[in-house]
Amino acid sequence: MESALQLSNVTLEYPDGDGTLRALDDVSLELRRGEFVSLVGPSGSGKSSLLAVAATLVRPTSGSVLVTGKETGSLPEARRTALRRDSIGIIFQQPNLLPSLTAVEQLVIAAHLRSEPLREARGKAAALLGRVGLGSMLDKRPHQLSGGQRQRVNIARALMASPAVLLVDEPTAALDYTRSEEIVRLLRQVTDEFGVATLMVTHDTGLVSFTDAVARMRDGRLSAAETLVPAT
Ligand code: ADP
Ligand code: MG
């Protein structure tokens with residue numbers, strides 16, 4: 001299987017008073033398409049920093065980040081932005097939907113940024129919203145949707161570019177347990193169906209059982225991912 005995301009010996013330092021704070025300390029991680037890995041660890045251990053580096057939003061202090069086999073560190077910013085748009089879906093805790101747009105428009109605008117033809121984008125958006133269980137909600141605006149439904153729009157939007165990698169930061173932090181489990185089951189399904197490599201930060205140890213492996217962060221260091229017996 002193709003390696004979708006490969007981090008090798010990644011270190012990230014932030015200036016901190018007179019010294020530096022090492023948010024990531026020699027982190028290596030590889031995800032293949034169709035793999036779903038959860039990332040756990042205490043607050044401040046570097047989980048969001050790891051996602052930001054994997055998303056090519058932040059350049060590491062040292063080490064390399066390969067997305068679909070391409071080394072990203074040497075790319076100029078415009079090429080990194082294009083690679084991110086085409087290959088990486090990002091899902092944060094808050095869906096950040098635009099209040100005035102309908103569900104289908106939230107997705108179409110993402111395609112518009114990649115210069116996809118409008119008609120095709122609308123068809124693809126409607127199909128993806130149907131896939132995440134929102135086939136009857138295409139024309140609803142965010143305030144007409146529940147928290148779980150908004151997070152489903154967010155997931156569908158992240159899939160619009162047919163990304164190789166999905167990076168998900170605490171997608172269920174604002175949801176109750178039943179809704180949370182539904183969202184993680186959906187992430188499991190789309191990981192399998194679309195063959196994306198999904199890395200999900202979560203607090204919730206109950207949700208880890210839907211993923212293939214769990215990697216633990218502590219003080220910027222990452223343990224080797226432990227493989228799990230899949231839940232059904
Ligand atoms: P987590 O997501 O596990 O809670 P973070 O990756 O957000 O952890 O943070 C890891 C460490 O890096 C923390 O000590 C945090 O304060 C620090 N940090 C995160 N972002 C920045 C930043 N932009 N500037 C300075 N320090 C930061
Ligand atoms: Mg965080």
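For this chain, numbers begin at 1 and follow the sequence in order. In what follows, every heavy atom counts, from backbone to side chain, and hydrogens, waters and symmetry copies are set aside. Both ligands and their constituent atoms are indexed starting at 1 by order of listing.
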What I want to check is whether the side chains of [X] and [Y] have a donor and an acceptor closer together than 3.5 Å.
X      : Y      : answer
Ser45  : Arg218 : no
Thr102 : Asp139 : no
Glu13  : Thr61  : no

Non-hydrogen side-chain atoms of Asp219 and Arg22 separated by less than 4.5 Å: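 No. Closest side-chain heavy atoms not under 4.5 Å.
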
Sub-4.5 Å side-chain heavy-atom contact between Leu24 and Leu50: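 A side-chain contact under 4.5 Å exists here.
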
Salt-bridge test for [X] and [Y]: reply yes if a basic N is under 4.0 Å from a carboxylate O, no otherwise.
X      : Y      : answer
Glu181 : Arg185 : yes
Arg179 : Glu182 : yes
Glu77  : Arg79  : no

Candidates Asp192, Val190, Leu186 - the one meeting side chain to side chain contact (heavy atoms under 4.5 Å, CB included) with Arg188: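 Looking at Asp192, Val190, Leu186, the match for Arg188 under the side chain to side chain contact (heavy atoms under 4.5 Å, CB included) is Asp192.
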
Within the 4.0 Å heavy-atom sphere of ligand 1, strictly under, residues: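 Within 4.0 Å of ligand 1, protein side: Tyr14, Leu21, Ala23, Pro42, Ser43, Gly44, Ser45, Gly46, Lys47, Ser48, Ser49.
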
Within-2.8 Å protein N/O/S contacts of the Mg ion (ligand 2):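 As for protein N, O or S atoms lying under 2.8 Å from the Mg ion (ligand 2), they are Ser48 OG.
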
